[in-house]
Every structure is written in C-alpha cells, then in structure tokens.
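Scroll down for the structure; my scribbles are underneath it.
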Amino acid sequence: SQQGEEDPQALSIQEGENATMNCSYKTSINNLQWYRQNSGRGLVHLILIRSNEREKHSGRLRVTLDTSKKSSSLLITASRAADTASYFCAPQPGYSSASKIIFGSGTRLSIRP
Amino acid sequence: GAVVSQHPSRVICKSGTSVKIECRSLDFQATTMFWYRQFPKQSLMLMATSNEGSKATYEQGVEKDKFLINHASLTLSTLTVTSAHPEDSSFYICSASARLGTSGSDEQYFGPGTRLTVT
C-alpha cells in the first residue's frame with residue numbers, strides 16, 4: 001500500500017470555473033483512483049486510471065497520470081455547487097483491488113455561487 | 001455498479017456498551033473488506049483489513065480486542081466496538097474489494113458510513 005498526497009489542501013472557486021487538484025505518490029503503481037466524499041457521507045468512486053493510460057475522461061472529469069513524475073491530476077470542468085466536497089486519490093501498487101488504501105488529507109473543494 | 005451497504009447508518013450508545021456495525025456487499029463477493037474511521041474534518045484512517053474466513057489484520061495503534069472484526073462470509077463483515085467510550089465516537093466506513101471476475105473491475109467500493117455517538 002502507499003499513500004497519495006493531494007494538493008492543494010483547500011480550493012475555493014467560483015461556480016462555472018474549472019477546478020484542478022493534484023496527487024503525488026512515491027512508488028510505482030498499477031492504477032490510481034479518485035474518490036469524492038461529501039460532508040458526513042461515504043466515498044464515491046469517480047474514476048480509475050491504469051498505469052498504461054495517460055488521460056481519462058468521465059463527464060466533466062478529466063484525469064491525467066504521469067508515471068514518470070509519479071503524479072496525477074483531477075480536473076473538474078464547469079464546476080457546480082454540488083461539486084463541493086473533499087477529493088482523495090488512491091494509488092494502488094498491486095494487481096488486486098485487495099491492496100489497502102491509505103488516504104491522504106484530501107483536497108477540500110468549495111464552489112462559491 | 002457494485003454496492004456496499006452499512007447498517008446502522010447512525011447509532012447512539014451509552015458508554016461501556018458494545019456496538020456492532022455491519023458491512024455488506026450487495027451484488028458481488030468481497031474477499032477483502034477494509035474498515036476505516038474518520039474524525040470530523042480529518043481524513044479516513046485505515047483500522048484493519050478483513051479477509052473472509054481468516055483473522056483481520058489491524059493497523060498499528062488499533063486495539064484488536066476493542067475493535068472486533070468478523071468476516072464470516074463473502075458478503076458480510078462486522079465491526080464490533082466493545083466497551084465503547086466517548087472518544088470512540090466517529091464515522092466508521094467500510095470498503096470491499098471484488099474477487100476478480102465477479103464485478104468486472106478492480107475498484108474498491110465504499111459503504112455510506114456509520115456515525116457512532118457514545119454518550
């Protein structure tokens with residue numbers, strides 16, 4: 001297992017703007033996942049990107065992965081109030097999802113109306 | 001997609017009593033389940049890894065006699081907080097990983113969480 005570190009810790013933007021958050025990790029991975037957590041709720045899986053992929057899209061989400069820099073970014077385009085949440089990355093080294101996830105502090109995203 | 005449920009969603013108990021929290025994978029078999037604890041405004045802290053039919057593996061600093069974990073079947077893991085104290089009040093979240101080939105992906109699926117308040 002390994003821990004991802006999200007950056008920035010907090011981000012406040014105007015509704016409609018794009019939000020970018022980054023994740024760094026230390027050892028090689030098989031895949032990296034991004035999760036969202038609304039206040040007081042469980043985690044919602046957003047997107048999984050495999051180590052042989054460089055970019056992946058899902059709706060308004062765009063994830064990039066640079067294995068040479070051991071970093072990933074999550075871009076949310078045309079942000080909405082409902083995007084206000086904490087976002088976590090989860091780098092997974094193994095080929096099985098049974099690899100435990102050690103969460104970092106996350107990025108707290110606030111969307112201003 | 002794969003769904004993980006937790007029961008109860010909220011529980012209030014008196015200090016000294018024990019509380020059981022259930023985590024179920026509803027439409028897939030979970031060989032491994034994980035238990036996390038989250039205090040207000042903090043990140044999720046992994047407590048233990050639970051494998052079906054074997055003893056749980058606890059993270060450093062987590063008391064195995066206080067947080068009893070049972071993973072009796074491929075769809076159910078339980079966490080029992082024994083002799084609960086106010087400092088055990090927290091948000092407990094489980095996640096489940098699918099046996100490869102069952103859910104068709106290798107994501108981990110998280111439950112909605114259980115808020116425990118010990119008075």
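Chain A is the first sequence line, chain B the second, and so forth, proteins listed ahead of strands; every chain is numbered from 1.
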(request) Carefully, step by step, assess A:Leu43 and B:Gln108 under the rule side-chain contact (heavy atoms from CB on, under 4.5 Å). (result) CA-CA 10 Å; A:Leu43 272 72; B:Gln108 276 192 32; over 6 Å; no
(message) Before you tell me yes or no, could you show the steps for A:Phe103 and B:Phe34 under ring pair (Phe, Tyr, Trp, His ring centres under 6.0 Å), namely the whole-Å CA-CA distance, both residues' side-chain angles and the distance that decides it to 0.1 Å?
(response) CA-CA 13 Å; A:Phe103 286 96; B:Phe34 303 88; 10.0 Å; no
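Cluster membership check: A:Ile47 shares its hydrophobic cluster with A:Met21, using side-chain heavy-atom separations under 4.5 Å among Ile, Leu, Val, Met, Phe, Trp and Tyr. Cluster annotation: B:Ile93 is not connected to B:Val62 through the hydrophobic network of ILVMFWY side chains, with a link wherever side-chain heavy atoms come within less than 4.5 Å. When the side chains of ILVMFWY residues are joined at heavy-atom separations under 4.5 Å, either directly or via intervening members, A:Trp34 and A:Ile13 end up in a single hydrophobic cluster. Following chains of ILVMFWY side-chain contacts shorter than 4.5 Å, one can reach A:Leu46 starting from A:Leu65, so the two form part of one hydrophobic cluster. Note: the hydrophobic cluster containing A:Tyr87 also contains A:Leu11 (ILVMFWY, side chain heavy atoms under 4.5 Å, direct or indirect links).
Scanning for ring-ring contact (aromatic ring centres under 6.0 Å, His included) contacts around A:Tyr25 gives an empty result, with sequence neighbours left out.
Neither the backbone nor the side chain of B:Gln42 comes within contact range of chain A; no heavy atom of the residue lies under 4.5 Å from a heavy atom of that chain. Looking at B:Gln6, neither its backbone nor its side chain comes within 4.5 Å of chain A, counting heavy atoms on both sides.
The number of heavy atoms from other shown groups lying within 6.0 Å of CZ (A:Arg80) does not exceed 12. Heavy-atom contacts from other residues, nucleotides or ligands closer than 6.0 Å to CD of A:Glu55 number more than 12. The environment of NE2 in B:His85 is crowded: more than 12 heavy-atom neighbours from other residues, nucleotides or ligands sit within 6.0 Å. Heavy-atom contacts from other residues, nucleotides or ligands closer than 6.0 Å to CD1 of B:Ile12 number 12 or fewer. Summarising the local packing, NZ of B:Lys66 is surrounded by more than 12 heavy atoms from other residues, nucleotides or ligands at distances under 6.0 Å.
Contact tally against chain B (heavy-atom pairs below 4.5 Å) for A:Gly106, A:Gly104, A:Ser86: the top residue is A:Gly104.
Of all the heavy atoms in B:Phe91 and A:Arg41, the pair that sits closest is CE2-O, 3.3 Å. Contact record, A:Ile102 with B:Leu46: CD1-CD2, 3.8 Å, taken as the closest heavy-atom pair. Contact between B:Ser43 and A:Phe88 at its shortest, heavy atoms only, is OG-CE2, 3.4 Å.
Going from atom NZ of B:Lys41 over to atom OG of A:Ser39 covers 7.0 Å, rounded to the nearest 0.5 Å. With rounding to the nearest 0.5 angstrom, the CG atom of B:Leu44 is 5.5 Å from the CD atom of A:Gln37. Distance check: B:Tyr109 OH to A:His45 NE2 gives 7.5 Å after rounding to the nearest 0.5 Å.
Taking the six-membered ring for Trp and the full ring otherwise, B:Tyr36 and A:Tyr35 have centroids separated by 6.0 Å or more.
Contact residues of residues 112-119 of chain B toward chain A are B:Pro112, B:Arg115 (heavy-atom distance under 4.5 Å).
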